[in-house]
Amino acid sequence: MTPPGSISNQHLECGLYVVATPIGNLMDMTFRAVDVLRQADLIACEDTRVTGKLLKHFGIKTPMISYNDHNGPKVRPRLISDMKTGKIIAIVSDAGTPLISDPGFKLVSGCADEGVKVIPVPGASAFLASLVVSALPTDRVLFVGFLPSKQKARQDCLESLAGIDATLVFYESGPRLAAALAALSMYLGDRPATVARELTKLYEEVTRGTLSDLVVSYEKSVRPKGELVIIVGPPTELEEMSSQDIDEALLKALNTMTVRDAAATVATLTRLAKRSIYARALELKATQSNGH
Ligand code: SAM
């Protein structure tokens with residue numbers, strides 16, 4: 001095995017190396033990542049200042065080029081043509097695995113279209129690091145990444161995920177955590193969930209509970225700082241609900257929500273047809289308005 005600090009004798013084929021870098025703790029850099037970044041002709045990175053610090057730490061002197069969604073259309077053809085003429089190019093992101101809620105997808109698909117070899121150099125990713133400490137099922141998992149920030153798009157996204165029988169993984173930032181948890185709880189129901197914050201860093205914190213527990217605890221706490229992942233367990237088996245239970249859930253939801261949102265929430269929780277729940281919500285609302 002080649003320790004970081006020395007160059008291996010392993011000959012690298014030309015092509016694109018998709019190289020994972022640490023998500024906090026520099027000790028998570030792999031020996032192979034150091035070797036590949038050292039031997040590469042060029043490193044495509046999101047931010048040359050961020051990657052520059054990492055390269056300095058490991059004594060890597062390979063030139064860098066900024067590669068992101070803005071300059072991608074201009075830079076990509078050049079990178080692909082360089083690799084076709086025998087160059088070794090590595091792509092890294094600011095932290096973790098490129099392409100996972102980070103740039104790189106179009107470069108990899110461009111390489112595939114042009115017959116350029118793509119080689120993975122696996123390592124850290126907040127996705128897997130958070131999943132494995134979540135204590136939630138890992139046999140069937142859907143990576144969602146960042147939720148849309150616009151209200152309607154967020155609602156549509158969560159409604160489309162509500163019936164999926166899998167653990168769901170969401171990326172989020174500290175300041176947006178409370179709002180994200182409230183939306184998850186509203187559209188997915190009260191499932192077991194975990195918030196994994198600042199993984200591999202000094203203030204690493206893993207908080208487990210149900211979505212409603214987490215809403216309450218993060219509403220009260222000072223806004224958490226830093227980066228975090230929310231992992232939500234699959235929908236639990238439903239006990240059959242009586243029409244009285246459904247009415248109670250609807251009346252509770254109608255206290256704080258519009259008829260449409262209350263019906264959507266209860267339909268998600270009960271997994272009953274939205275149309276019939278909406279009709280019942282309208283009836284209950286009318287009864288409430290008539291003062292009954
Ligand atoms: N490509 C990266 C990866 O493989 O994890 C993710 C990049 S994405 C732009 C950044 C998001 O990843 C953050 O908002 C957060 O959700 C998550 N993240 C990154 N580092 C993290 C850490 N140390 N602890 C928890 N979440 C982290």
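Counting from 1, the numbers follow the sequence of the chain as shown.
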Please test Met29 against Val34 for side-chain contact (heavy atoms from CB on, under 4.5 Å), starting from the C-alpha separation and ending with a verdict.
CA-CA 7 Å; Met29 185 78 168; Val34 174; 3.7 Å; yes
May I ask you to test the [X]-[Y] pair for a side-chain heavy-atom distance under 4.5 Å?
X	Y	answer
Met83	Cys14	no
Leu214	Val195	yes
Leu199	Ile23	yes
Pro137	Pro234	yes
Leu142	Val169	no
Leu42	Thr62	no
Gln155	Arg260	yes
Leu54	Leu26	yes

Salt bridge Glu204-Lys201, side-chain N to carboxylate O under 4.0 Å
no
Could you walk me through whether Lys56 and Lys53 satisfy the side-chain contact (heavy atoms from CB on, under 4.5 Å) test, starting with their C-alpha distance in whole Å, then the side-chain angles of each, then the deciding distance to 0.1 Å, before giving a yes or no?
CA-CA 5 Å; Lys56 191 159 179 247; Lys53 281 189 199 150; 5.7 Å; no
Using a distance-only test with no angle check, is there a side-chain donor-acceptor pair under 3.5 angstrom linking Tyr67 and Glu46?
no
Show, in sequence, the C-alpha distance, side-chain angles and deciding distance for Lys106 and Leu99, and conclude whether the side-chain contact (heavy atoms from CB on, under 4.5 Å) test is met.
CA-CA 9 Å; Lys106 286 185 180 156; Leu99 280 82; over 6 Å; no
Minimum heavy-atom distance between [X] and [Y], given as atom pair plus value:
X	Y	result
Pro22	Ala124	CA-CB, 4.1 Å
Pro122	Arg32	CD-NH1, 3.9 Å
Val133	Arg208	O-NH2, 2.7 Å
Thr21	Ala95	OG1-CA, 3.8 Å
Leu254	Ala281	CD1-O, 4.0 Å
Pro235	Ile164	CD-O, 3.3 Å

Do [X] and [Y] share a hydrophobic cluster, counting only Ile, Leu, Val, Met, Phe, Trp and Tyr and linking them when any side-chain heavy atoms are less than 4.5 Å apart?
X	Y	answer
Val144	Val229	no
Val206	Leu136	no
Tyr278	Leu250	yes
Met257	Leu188	yes
Tyr17	Val116	no

Among [options], side-chain contact (heavy atoms from CB on, under 4.5 Å) partner for [X]:
X	options	value
Ile230	Thr194, Leu177, Leu147	Leu177
Ile43	Thr48, Leu55, Ile91	Leu55
Glu227	Glu198, Arg197, Glu172	Glu198

First locate atom [atom1] of [X], then atom [atom2] of [Y], and finally report the distance between them rounded to the nearest 0.5 Å.
X	Y	atom1	atom2	answer
Thr256	Met186	OG1	CE	6.5 Å
Leu168	Leu184	CG	CG	8.5 Å
Phe170	Cys157	CZ	SG	6.5 Å
Arg176	Phe146	CZ	CZ	7.5 Å
Tyr187	Leu211	OH	CG	14.0 Å
Thr51	Ile65	OG1	CD1	12.5 Å

Looking at [X] and [Y], would you say the former's side chain and the latter's main chain have a donor-acceptor pair under 3.5 Å?
X	Y	result
Asn68	Asn71	yes
Asp41	Ile88	yes
Thr97	Ile100	no
Arg191	Gly233	yes
Asp190	Ser212	yes
Asp213	Thr210	yes

side-chain contact (heavy atoms from CB on, under 4.5 Å) partners of Thr138, counting only residues at least two apart
Leu131
Which pairs with one or both residues in residues 107-129 pass side chain to side chain donor-acceptor pair (under 3.5 Å), sequence neighbours excluded?
Glu13-Lys117, Lys84-Glu114
Any chance you could lay out the side-chain contact (heavy atoms from CB on, under 4.5 Å) test for Val18 and Ile119, step after step, and finish with the verdict?
CA-CA 6 Å; Val18 183; Ile119 302 111; over 6 Å; no
Set of residues satisfying salt bridge (charged side-chain N to carboxylate O under 4.0 Å, His left out) with respect to Glu159, sequence neighbours excluded
Lys274
Plane angle bin for Tyr171 and Phe143 - parallel if under 30°, tilted between 30 and 60°, otherwise perpendicular:
perpendicular
Looking at Phe105, I'd like to know if its CZ atom is crowded, meaning that more than 12 non-hydrogen atoms belonging to other residues, nucleotides or ligands lie closer than 6.0 Å.
no
List the steps, then state whether side chain to side chain donor-acceptor pair (under 3.5 Å) holds for Asp102 with Ser93.
CA-CA 7 Å; Asp102 265 337; Ser93 54; 3.1 Å; yes
